[in-house]
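I have placed the structure first, in the form of structure tokens, so that the comments after it can refer back to it.
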Protein chains: 2
Amino acid sequence: MTSRNRNTYHHGDLRQAVLTAALEVIAADGPGALSLRDLARRAGVSHAAPAHHFGDRTGLLTAIAAQGFGLLADALAAGTSLADRGRRYVRFAADHPAHFQVMFAPALLRPDDPDLTAARDRAGAALRAGVAGLPGPDPRATGIAAWSLAHGFATLYLTHNVDDAVGALPPEEYFDALTGFLTERTERTERTERTGRER
Amino acid sequence: MTSRNRNTYHHGDLRQAVLTAALEVIAADGPGALSLRDLARRAGVSHAAPAHHFGDRTGLLTAIAAQGFGLLADALAAGTSLADRGRRYVRFAADHPAHFQVMFAPALLRPDDPDLTAARDRAGAALRAGVAGLPGPDPRATGIAAWSLAHGFATLYLTHNVDDAVGALPPEEYFDALTGFLTERTERTERTERTGRER
DNA sequence: GCGCAGTCTTGTCAGTGGCTAGATTGCTCC
DNA sequence: GGAGCAATCTAGCCACTGACAAGACTGCGC
């Protein structure tokens with residue numbers, strides 16, 4: 001699929017080719033099925049070529065995780081409300097299952113990688129941004145609850161534990177319905193006046 | 001640690017020895033660090049001995065997942081209320097991080113293994129048992145929301161994403177506080193009369 | 001005490017990750 | 001335009017792993 005341009009010595013965009021091939025493999029069979037040699041074969045290069053870009057297997061997975069946190073941060077930053085951010089969180093997991101898996105598998109990553117920590121911090125900031133002025137006794141706890149709910153649902157969805165309930169629906173829509181009556185009720189309880197959610 | 005009893009030819013309890021050694025490795029370095037040969041060395045047997053009990057690597061992980069779902073089912077069955085089951089779910093994840101990881105990594109498992117599916121069904125039944133008579137328009141959705149919340153928090157806890165907030169607290173206590181004001185408010189809204197939660 | 005099923009060992013093979021040394025290429029600077 | 005240089009890729013190697021096959025050992029039931 002992502003073979004080299006010609007019979008040139010240099011691939012041209014090996015780094016990206018390896019990344020996308022890795023995402024395909026992970027989405028299909030999980031991170032355990034990753035083989036640097038297989039990725040090299042798919043890209044049509046020698047078995048040691050990927051190592052130059054990522055160092056080792058852990059480096060590759062760390063790069064994927066960093067990219068994932070960057071994408072997540074972008075997705076969340078475009079959100080307009082807490083509910084909207086929840087939808088986007090679930091949507092992100094559904095769109096980027098390979099990234100999502102790797103991002104939350106710390107055993108596979110180099111924890112102190114600067115790119116990774118930077119991207120993770122950015123995503124964390126986007127996550128906390130919508131929680132600051134939240135009602136309730138402890139906004140941070142409310143934020144963690146919201147994060148837990150979205151993360152848990154996304155994980156259960158990706159691991160096929162809620163297939164029956166979700167059916168063919170886009171998962172973020174089911175998630176929206178899931179949280180809808182709950183947050184509506186909460187909001188109604190907290191303050192009767194509120195700009196209506198327009199789902 | 002779990003070496004064989006004597007210099008007998010038979011180990012005596014190799015299956016259990018391999019299982020516990022595997023759980024140690026997974027808890028420390030994740031399922032990717034598992035090596036059947038390493039487990040054999042730890043148990044003091046030849047490199048191919050574990051294969052007799054589990055078939056292959058996937059078989060070992062499937063056995064771990066099945067054991068995990070069994071333990072989870074037991075833990076949930078002893079729960080007295082939805083909130084209590086949530087606490088127990090989080091407690092289970094904290095007590096059995098290796099099981100928890102493997103249980104929700106379908107790529108590592110043999111999906112149609114009878115022991116696995118039986119244990120999973122049993123855990124699912126225990127999970128749904130406390131949701132049947134729940135308030136709200138869609139009890140199943142409420143159950144999934146509760147499951148998502150507990151599962152998400154447990155996952156975030158195990159992946160060190162909420163260390164700052166939880167601190168040295170037992171995670172299920174933080175989780176309890178997290179959901180306390182939410183469920184209390186919900187219950188108060190739904191029906192004013194209710195047997196008080198006695199945390 | 002004999003056979004047999006279960007358990008473990010030994011030997012082997014292909015595949016993998018990571019390392020080192022060297023070949024090739026494109027870019028920069030004079 | 002060409003010489004040097006750093007980035008990129010290749011080739012070869014070693015230790016390790018999972019999986020398989022064939023055989024050795026053991027304890028249990030008959």
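For clarity, every value in this text was computed on a predicted model and none was experimentally measured. Chain letters run A, B, ... following the sequence lines, proteins first and then strands; every chain starts at 1.
Place B:Arg37 and B:Leu14 on DNA chain C by their nearest nucleotides, and B:Leu14 ends up nearer the 5' end. In this structure, A:Gly55 and A:Asp38 both approach DNA chain C, and ranking their closest nucleotides by distance from the 5' end singles out A:Asp38.
Using a 4.0 Å cut-off between charged nitrogen and carboxylate oxygen, B:Arg120 and B:Asp113 do not count as a salt-bridge pair.
The aromatic rings of A:Trp147 and A:His151 stand perpendicular to each other, their planes meeting at an angle above 60°, with 30° marking the opposite boundary.
C:dA14 atom C1' lies 11 Å from atom CZ of A:Arg41, rounded to whole Å. Regarding A:His52, its NE2 atom lies at a distance of 16 Å from the P atom of C:dA21, rounded to whole Å. At whole-Å resolution of the value, CG in A:Asp56 and P in C:dT20 are 13 Å apart. Taking atom NE2 on A:His47 and atom P on D:dG12, their separation rounds to 9 Å, with Å as the unit. B:Leu60 has its CG atom 12 Å from the C1' atom of D:dG18, to the nearest Å. Atom P of nucleotide D:dT8 and atom CD of A:Gln16 are separated by 14 Å, given to the nearest angstrom. A:Leu39 has its CG atom 10 Å from the P atom of C:dT16, to the nearest Å. When rounded to the nearest whole Å, the span between CZ of A:Phe54 and P of C:dG17 equals 14 Å.
Applying the 4.0 Å criterion to OP1 and OP2 of C:dG17, one finds that A:Ser35 has a side-chain N or O inside that range.
Picking from D:dT8, C:dG18, D:dG18 the nucleotide with the shortest atom distance to the side chain of A:His53 gives D:dT8. In this structure, of D:dT17, D:dA19, D:dC13, it is D:dA19 that holds the atom nearest to the side chain of B:Leu36.
At the heavy-atom level, A:Ala48 lies under 4.0 Å from base atoms of the strands shown.
Of the options B:Arg88, B:Arg87, B:Arg91, a side chain to side chain donor-acceptor pair (under 3.5 Å) to B:Glu172 is made by B:Arg91 and by none of the others.
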Open item on the list: As a quick check of understanding, evaluate side-chain contact (heavy atoms from CB on, under 4.5 Å) for B:Ile64 and B:His99, giving each step before the final call.
Closed with: CA-CA 6 Å; B:Ile64 290 175; B:His99 283 106; 3.7 Å; yes
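For B:Leu72 against B:Phe92, the heavy-atom pair with the smallest separation is N-CE1, 3.6 Å.
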